[in-house]
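Predicted, not measured: the structure shown is a model, and the values here were computed from it.
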Amino acid sequence: METPGLVVHGEAAPFSTALRSLLNNPQYSDVCFVVGQERQEVFAHRCLLACRCNFFQRLLGPKLGPEMPSPVVLSTVPAEAFLAVLEFLYTNSVRLHRHSVSLLGKGMDERGRGRGRRHSPPHPQPPTLQVLEVLTAAVEYGLEELRELCLQFVVKVLDVELVCEALQVAVTFGLGPLQERCIAFVEAHSQEALRTRGFLELSAPALLSLLRSDKLRVDEAELVLAARSWARVGAAVLERPVAEVAAPVVRELRLALLAPAELSALEEQNQREPLIPVEQIVEAWKCHALQRGDAARGALCRRRRGTLPREHHCFLDLPFK
């Protein structure tokens, strides 16, 4: 009877270092990618990618001949994020960064609103959030282990500047636990989060997930202003009317929480720049006139954690009888 062999392991570090030296190294490579809008050339090794990732196995297919095949164009993934993905595939480890760093010297496309690149951004462009781009690529390429590593990293570094960007990625790809974590963070830091660029670039579904929360630490008057700013940015980028952009989200604004003077001012501004459907403002006035809440619209009369007290709030929670 043959004695079973014993598997012994050498040191992992030199092996990982050797494979890392092949990253984006044209020597011995047999596939070239043209990546990102900058059309950066990235070199790789077909057999390694195919055995590590089903996405690349399907994408690359069998080698057709001895010559280098035509470059594979991947225009929607940033080159830095793509190189981070390759680093993981080659070494089973990855150096994640909260902000982008250049990997090119070393060997969510727009998701929220579907807007094009030809428009200039309304604000100065902040540093790219590299870990979110790697997370996006990991989800698209079906790399579950890399996805989990990115999620753990995002949770550790989550802050005011990152949270809305992370929320958008979570909503886009259905990452429920990350979405819950981001919403809880915004609830605790509402006023700061509403002033970030990431908030202005949220998709309507992502913004809805925030506006439906009772735990936001912000007054409704500030939420109305934030929603108007969000809609203005979307209108400028999409070249659509403000009211049309705002339509999917403004129903979650709790106008009945505003005092009569604030509601009058909002109504006047709404005439100059339509944002909120007239019938929604009428419903708010109805609550004031009857001095009681409507059980059918109870959620929109309910105060948030950050709602400032107003004289009429004492009757808003009372249902019709």
Side-chain angles (χ1 to χ4, degrees), residues 76 108-123 126 129 132-133 135-136 139-140 160-187 189-216 218-255 257 266 269-270 273-281 283-284 297 299-300 302 304 306:
T76 61
M108 248 241 172
D109 60 351
E110 294 290 345
R111 305 194 175 279
R113 306 185 184 185
R115 51 192 181 238
R117 292 283 190 177
R118 63 188 181 88
H119 300 282
S120 299
H123 301 287
L129 299 171
L132 295 180
E133 292 168 343
L135 172 59
T136 297
V139 173
E140 291 182 333
V160 168
E161 292 299 324
L162 178 63
V163 65
C164 288
E165 299 274 358
L167 174 61
Q168 184 58 65
V169 172
V171 170
T172 298
F173 294 105
L175 304 174
L178 179 60
Q179 180 175 340
E180 293 175 4
R181 194 67 175 261
C182 290
I183 291 175
F185 190 96
V186 174
E187 287 170 344
H189 305 86
S190 304
Q191 295 188 5
E192 298 93 332
L194 264 56
R195 291 193 289 265
T196 64
R197 176 190 174 91
F199 173 82
L200 295 177
E201 295 191 339
L202 287 174
S203 66
L207 181 54
L208 275 173
S209 70
L210 294 178
L211 294 181
R212 288 172 176 156
S213 172
D214 294 338
K215 298 179 181 179
L216 293 177
V218 62
D219 186 64
E220 208 66 25
E222 294 183 61
L223 271 181
V224 173
L225 292 175
R228 187 178 294 277
S229 296
W230 174 87
R232 284 172 175 167
V233 170
V237 172
L238 298 172
E239 298 180 350
R240 291 163 49 193
V242 169
E244 182 181 333
V245 172
V249 303
V250 291
R251 281 292 180 182
E252 296 301 322
L253 294 173
R254 305 177 185 184
L255 302 186
L257 297 177
L266 175 61
Q269 185 176 13
N270 206 59
E273 183 187 37
L275 174 75
I276 299 169
V278 173
E279 58 269 22
Q280 187 176 349
I281 298 177
E283 289 173 2
R297 304 286 293 168
L300 298 185
R302 194 163 57 241
R304 304 182 197 268

Completion exercise
In this structure, CD of Glu165 is separated from OG1 of Thr196 (nearest 0.5 Å) by 8.0 Å
Practice task
Verify side-chain contact (heavy atoms from CB on, under 4.5 Å) between Leu275 and Leu266, making sure each step is shown before the conclusion.
Solution key: CA-CA 10 Å; Leu275 174 75; Leu266 175 61; 5.5 Å; no
Exercise for the section: Measure from the side-chain N and O atoms of Gln179 to the backbone N and O of Gly174, and report whether any donor-acceptor pair falls under 3.5 Å. Expected result: no
Handout entry: Atom of Cys164, atom of Leu202 and distance for their closest heavy-atom approach
Key = O-CD2, 3.4 Å
Practice task
Please lay out, stage by stage, how Glu140 and Thr136 fare under the test side-chain hydrogen bond (donor to acceptor under 3.5 Å, both in side chains).
Solution key: CA-CA 6 Å; Glu140 291 182 333; Thr136 297; over 6 Å; no
Problem - Stepwise side-chain contact (heavy atoms from CB on, under 4.5 Å) check, Leu253 with Gln280 - result: CA-CA 9 Å; Leu253 294 173; Gln280 187 176 349; 4.3 Å; yes
Exercise for the section: Measure the shortest side-chain to side-chain distance between Val245 and Val233 over non-hydrogen atoms and say whether it is less than 4.5 angstrom. Expected result: no
Fill in the blank from the handout: Looking only at heavy atoms, the pair that brings Leu194 and Ala226 closest together is CD2-CB, 3.7 Å
Practice task
Go through the steps to decide whether Val163 and Phe199 satisfy the test side-chain contact (heavy atoms from CB on, under 4.5 Å), and finish with yes or no.
Solution key: CA-CA 9 Å; Val163 65; Phe199 173 82; over 6 Å; no
Practice task
Check Ala193 against Val186 and note the closest heavy-atom contact, atom names and distance.
Solution key: CB-CG1, 4.1 Å
Practice task
Check for a donor-acceptor pair, side chain of Ser213 on one end and backbone N or O of Ser209 on the other, with a separation under 3.5 Å.
Solution key: no
Exercise for the section: Sorted by first residue and then second, give each salt bridge (charged side-chain N to carboxylate O under 4.0 Å, His left out) pair with at least one member in residues 219-235; sequence neighbours left out. Expected result: Asp219-Arg310, Glu220-Arg304, Arg228-Glu273, Arg232-Glu273
Exercise for the section: With sequence neighbours left out, write down each residue that passes side-chain contact (heavy atoms from CB on, under 4.5 Å) with Val249, or none if nothing qualifies. Expected result: Ala204, Leu207, Leu208, Leu211, Trp230
Practice task
State, with a plain yes or no, whether a side-chain heavy atom of Ser229 is found less than 4.5 Å away from one of Leu200.
Solution key: yes
Exercise for the section: Show your reasoning for whether side-chain contact (heavy atoms from CB on, under 4.5 Å) applies to Leu255 and Glu283. Expected result: CA-CA 9 Å; Leu255 302 186; Glu283 289 173 2; over 6 Å; no
Handout entry: N/O donor-acceptor pair under 3.5 Å between Gln168 side chain and Gly198 backbone
Key = no
Fill in the blank from the handout: What one should report as the nearest heavy-atom pair of Ala206 and Leu167 is O-CD2, 4.0 Å
